[in-house]
Number of protein chains: 2
Amino acid sequence: MGCLRWGAVTIDHDAGEPVWQQMVRVIRDMITSGEVPKGKLLPSVRTLAQRYEVSDGTVKHALAELRQEGLVETVNGRGVYVR
Amino acid sequence: MGCLRWGAVTIDHDAGEPVWQQMVRVIRDMITSGEVPKGKLLPSVRTLAQRYEVSDGTVKHALAELRQEGLVETVNGRGVYVR
DNA sequence: ATTGATTTGTTCGTATGTATT
DNA sequence: TAATACATACGAACAAATCAA
């Protein structure tokens, strides 16, 4: 499994699919591709938002979804870890 | 004045009266019944929306009405206070 | 012990698009 | 046409936790 470079995936605001769902897939791909190994921190919400040109809240929405699925885990003041 | 339990009032989506107006009455009752005293925070928009099974925007619509009437006051990032 | 920077979660106001009535 | 209702999306603000200087 290769390594997904930043910007390899982009967000389409005009796609029928909601942006937050696209972000779920983007982050999931970061994990499954091995770009962010188990136990490691994801980029910060702010970083992801800037990188993919979406809002703060949209990234948080996506992360909340992945957290509920048990794919990531949050530590307040630290960041979001891959489980 | 008694205490209104959660769910004591329900929203009827099939009533002729708009849902947002029903929500105005629900929130007003929370205040006049003393469930939420002066100076205290109302439940969050999200909480109210889930509790009464209406959309986010509908709760906000109702709150905008009550705000204009001077019954509640908003502090961004905190919540909606009873005046 | 304090301060400042970073991070997440939560909060609300506003705006847009779609569907329904 | 207009009002209603929902889902989505953005922007901004606040509190609390963490960490480093």
Side-chain angles (χ1 to χ4, degrees), chain A residues 6 9-28 30-31 36 39-83, chain B residues 6 9-28 30-31 36-83:
Chain A
W6 287 114
V9 184
T10 57
I11 298 299
D12 181 4
H13 287 256
D14 296 327
E17 192 185 20
V19 174
W20 71 267
Q21 284 182 14
Q22 297 182 49
M23 281 305 300
V24 166
R25 193 166 53 245
V26 163
I27 299 172
R28 197 196 306 281
M30 290 175 51
I31 297 173
V36 184
K40 284 292 181 182
L41 275 174
L42 290 173
S44 73
V45 170
R46 189 173 180 178
T47 298
L48 288 170
Q50 290 174 341
R51 191 90 67 172
Y52 292 96
E53 297 178 313
V54 299
S55 78
D56 195 69
T58 299
V59 174
K60 289 173 178 177
H61 189 171
L63 288 172
E65 174 71 22
L66 293 168
R67 196 182 327 129
Q68 196 161 24
E69 293 178 13
L71 216 92
V72 298
E73 186 178 10
T74 281
V75 179
N76 205 334
R78 298 264 288 278
V80 180
Y81 292 88
V82 179
R83 292 193 56 178
Chain B
W6 288 112
V9 183
T10 57
I11 298 299
D12 182 4
H13 286 257
D14 297 327
E17 192 185 19
V19 175
W20 71 268
Q21 284 183 12
Q22 298 182 48
M23 281 305 299
V24 167
R25 194 166 52 245
V26 162
I27 299 172
R28 198 197 303 281
M30 289 175 52
I31 296 173
V36 185
K38 211 176 269 188
K40 284 295 182 180
L41 276 173
L42 289 172
S44 75
V45 170
R46 188 173 182 181
T47 298
L48 288 171
Q50 290 175 341
R51 191 91 64 171
Y52 291 95
E53 296 179 311
V54 299
S55 78
D56 200 64
T58 298
V59 174
K60 290 174 179 177
H61 189 170
L63 288 173
E65 175 70 22
L66 293 167
R67 196 181 327 125
Q68 197 160 25
E69 294 179 12
L71 218 94
V72 298
E73 186 177 11
T74 283
V75 179
N76 203 339
R78 298 262 286 277
V80 180
Y81 292 88
V82 179
R83 292 193 58 181

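Just so we're on the same page: letters track the sequence lines, and every chain starts at 1. These numbers were taken from a predicted model, which means no experiment stands behind them.
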Residue met sooner reading DNA chain D from 5', once Val19(A) and Glu17(B) are mapped to nucleotides: Glu17(B)

Euclidean distance, atom OH of residue Tyr52(A) to atom P of dC10(D) [Å, nearest integer]: 15 Å

OP1 or OP2 of dG9(C) under 4.0 Å from side-chain N/O of Thr74(A): yes

Gln68(B) CD: over 12 foreign heavy atoms closer than 6.0 Å: no

Touch class at under 4.0 angstrom, heavy-atom based, for His13(A) against every strand present: sugar-phosphate

Heavy-atom protein contacts under 4.0 Å, nucleotides 16-21 of chain C, coded B base, S sugar-phosphate only, - none: ------

Rounded interatomic separation in angstrom, taking CD from Glu65(B) and P from dA5(D): 13 Å

Nucleotide-resolved protein contact map, nucleotides 15-21 of chain D, B/S/- at heavy-atom distance under 4.0 Å: SBBSS--

Spacing of Met30(A) atom CE and Lys40(A) atom NZ [to the nearest 0.5 Å]: 13.5 Å

Nearest-0.5 Å distance that lies between atom CD in Gln21(B) and atom CD1 in Ile11(B): 11.0 Å

Proximal nucleotide (of dT8(C), dA9(D), dG9(C)) relative to the Val45(A) side chain: dT8(C)

Ile31(B) and Leu66(B), any side-chain heavy atoms less than 4.5 Å apart: no

Rounded distance (Å) that lies between atom C1' of dA3(D) and atom CD of Gln21(B): 11 Å

For atom CD of Glu53(A) and atom C1' of dC10(D), their distance in whole Å: 14 Å

Sugar-phosphate only, base, or nothing, as touched by Gly57(A) at under 4.0 Å among non-hydrogen atoms: nothing

Distance in angstrom units between Ile11(B) CD1 and dA5(D) C1', rounded: 13 Å

Arg46(A) vs dT8(C): side-chain N/O to OP1/OP2 distance below 4.0 Å: no

Close side-chain approach of Thr10(A) to Gln22(A), heavy-atom, < 4.5 Å: no

Contact check, side chains of Pro18(B) and His61(B), non-hydrogen atoms, under 4.5 Å: no

Where Ala62(A) and Trp20(A) come nearest, the two heavy atoms and their spacing: CB-O, 3.6 Å

Separation of dA13(D) C1' from Asp56(A) CG (nearest whole Å): 11 Å

Options dC6(D), dC12(C), dC10(D), nucleotide nearest the side-chain atoms of Ser55(A): dC10(D)

Atom-pair distance (NE2 on His61(A); P on dT10(C)), nearest Å: 12 Å

From OG (Ser44(B)) to CZ (Arg51(B)), nearest 0.5 Å: 9.5 Å

Val80(B) side chain, from C-beta outward: closest of dC12(C), dA5(D), dA9(D): dC12(C)

Heavy-atom neighbours of Glu53(B) CD exceed 12 at 6.0 Å: no

Pair Leu63(B)-Leu42(B), side-chain contact (heavy atoms from CB on, under 4.5 Å): steps then yes or no: CA-CA 10 Å; Leu63(B) 288 173; Leu42(B) 289 172; 3.9 Å; yes

Per Thr58(A) side chain, nearest of listed nucleotides dA13(D), dC10(D), dA5(D): dC10(D)

Out of dA5(D), dC6(D), dA9(D), whichever nucleotide has its closest atom nearest the side chain of Lys60(B): dA9(D)

Spacing of Trp20(A) atom CH2 relative to dT8(D) atom C1', expressed in whole Å: 10 Å

